[in-house]
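Quick caveat, the model's predicted, so the values are computed rather than measured. By convention in this document, chain letters (A, B, ...) are assigned in the order of the sequence lines, proteins followed by strands, and residues within each chain are numbered from 1.
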Amino acid sequence: MTVEKLNRQRVVHLLDAFARGDIETALSCCTDDVDFLTHAPIDVLPHMVPRHGKQELRELWQTIWSRYSEIRYKAPHILAEGEAVATYMHAYFRKRSNDRVVQFDMAVFYSFRGGLVAEIREIIDSYDLVQQVLEREIGPLITGARVD
Amino acid sequence: MTEHSLWRFSRALHRAINDRDFRDIEALIDEDVEWALYGPIDMFPFFGARQGRDAVLDVIRQLADNFHVRRFDRESIMLGVDSAASMLRYSLTALDSNKPISLRVAQFAQFKAGKLVSMRVLIDTFDLVEQALGRAIHLP
């Protein structure tokens, strides 16, 4: 099996573990010094700060699971080349607070070292994500109109 | 070894945006292309999903009307036989305000016979909106 196929399987394994809430198995796919970076407004999503190392990533994933009761992914595009894998995903997170589903697309780029994920970089349509998390339109806040 | 379709497409796209030369890009887009560039369409009408070459060319023309690409760096790239995924950092100038805009962009492209048949683009859109506004958005 090529390294690309292996790494692709490893990413799917990590995602499957995370989606069933098995954080320790997901973490076992990562290096001790795994580096995580997403691009999102941290005043609204304070848990989305950069994370370095397994413990910080564990805390992030535990925070996500404390807020969402169900997490699902579909990954229509997975590309692997050498020690890197890119995934384009449709993500569905069900809020514990009211059962509403936050639905968004995300791009995640993984870098591998020694068969383990050493780096995770995410890009999300963050404007839409914030609106769904807050359950309100941002547009009126920008234009200064009264928000109902 | 032939050049990957991504490189031809990328050169043609930047020529279209910066020089308003759309001839090469038109030839590299499949008639039935599927295109999605997600973001707030009320602020940026070129965002959204498009189907077909003419609709995509219209988006590229709107990008050319609004932005100049000063620089772009590919931070990560994966090439498949007929596909490509990349994470890029773009430095743009908004033409209406002359404001600099810096963006991280994820692109997932698929090609068939050298032509683009699918493109999905994700951007940190909250950051883009704040840069376009020139101020932070204060949320409740």
Side-chain angles (χ1 to χ4, degrees), chain A residues 4 7-8 11 37-46 48 75-91 103-112 119-144 147-148, chain B residues 4-6 34-45 47-49 73-90 102-111 117-140:
Chain A
E4 283 86 1
N7 286 341
R8 184 189 166 104
V11 164
L37 179 66
T38 192
H39 299 278
I42 56 170
D43 46 344
V44 186
L45 305 165
M48 301 291 262
H77 303 289
I78 303 181
L79 258 87
E81 186 181 9
E83 296 293 347
V85 175
T87 59
Y88 186 99
M89 293 190 286
H90 307 305
Q103 183 177 332
F104 58 99
D105 286 7
M106 63 195 300
V108 190
F109 291 75
Y110 302 87
S111 298
F112 281 81
E119 196 178 86
I120 304 172
R121 296 281 181 270
E122 293 182 354
I123 294 187
I124 303 168
D125 175 3
S126 47
Y127 187 92
D128 182 49
L129 176 63
V130 167
Q131 290 192 130
Q132 291 188 62
V133 169
L134 295 178
E135 297 179 19
R136 64 195 303 176
E137 297 278 332
I138 299 174
L141 299 173
I142 294 171
T143 57
V147 180
D148 292 324
Chain B
H4 195 281
S5 301
L6 177 71
E34 288 185 8
W35 173 282
L37 173 56
Y38 292 109
I41 55 174
D42 46 344
M43 291 190 70
F44 302 101
F47 280 153
D73 299 301
R74 287 187 196 277
E75 296 182 335
S76 182
I77 181 148
M78 275 138 270
L79 299 177
V81 177
D82 280 320
S83 56
S86 48
M87 184 181 287
L88 306 100
R89 186 165 187 84
Y90 268 101
S102 177
L103 286 179
R104 269 214 172 71
V105 175
Q107 278 182 349
F108 288 74
Q110 289 184 300
F111 300 91
V117 292
S118 169
M119 175 70 96
R120 288 181 182 273
V121 179
L122 283 171
I123 300 170
D124 176 6
T125 40
F126 195 91
D127 182 47
L128 169 64
V129 170
E130 288 193 322
Q131 289 186 62
L133 291 171
R135 61 178 170 84
I137 300 170
H138 297 292
L139 296 165

Looking at B:Ile137, B:Asp127, B:Leu79, which makes the most heavy-atom pairs under 4.5 Å with chain A?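 When all of B:Ile137, B:Asp127, B:Leu79 are compared, B:Leu79 has the most.
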
For chain A, which of B:Gly80, B:Ala36, B:Gly39 has the most heavy-atom pairs under 4.5 Å?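 The candidate making the most pairs under 4.5 Å is B:Gly39.
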
Name the option with the most non-hydrogen atom pairs under 4.5 Å to chain B; the candidates are [options].
options: A:Ala107, A:Pro41, A:Gly82; result: A:Pro41
options: A:Glu4, A:His77, A:His39; result: A:His39
options: A:Leu79, A:Val130, A:Val85; result: A:Leu79

Check this for me, if you would: do B:Arg104 and B:Glu75 make a salt bridge, where the nitrogen-to-carboxylate-oxygen distance has to be below 4.0 angstrom? yes

Of the backbone (N, CA, C, O) and the side chain (C-beta and beyond), which part of B:Leu128 lies under 4.5 Å from a heavy atom of chain A, both, or neither?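 Answer is neither: B:Leu128 stays 4.5 Å or more from chain A.
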
Does B:Leu133, at its CG atom, have more than 12 non-hydrogen atoms belonging to other residues, nucleotides or ligands within less than 6.0 Å?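 Enclosed: over 12 neighbouring heavy atoms sit under 6.0 Å from CG of B:Leu133.
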
Look at the aromatic rings of B:Phe108 and A:Tyr88 and report parallel, tilted or perpendicular, splitting at 30° and 60°. perpendicular

Check the side chains of B:Arg89 and B:Ser102 for a donor-acceptor pair under 3.5 angstrom, ignoring hydrogens and angles.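 Distance-only check passes for B:Ser102 and B:Arg89.
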
A:Ile124 portion near chain B, given a 4.5 angstrom heavy-atom threshold: backbone

With a 4.5 angstrom heavy-atom cut-off, is it the side chain or the backbone of A:Ser111 that approaches chain B, or both, or neither?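 No part of A:Ser111 comes within 4.5 Å of chain B.
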
Supply the atom-to-atom distance B:Ser86 OG to B:Leu6 CG, rounded to the nearest 0.5 angstrom. 5.5 Å

Interatomic distance, B:Phe126 atom CZ to B:Gln131 atom CD [nearest 0.5 angstrom]: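 One gets 12.0 Å once the value is rounded to the nearest 0.5 Å.
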
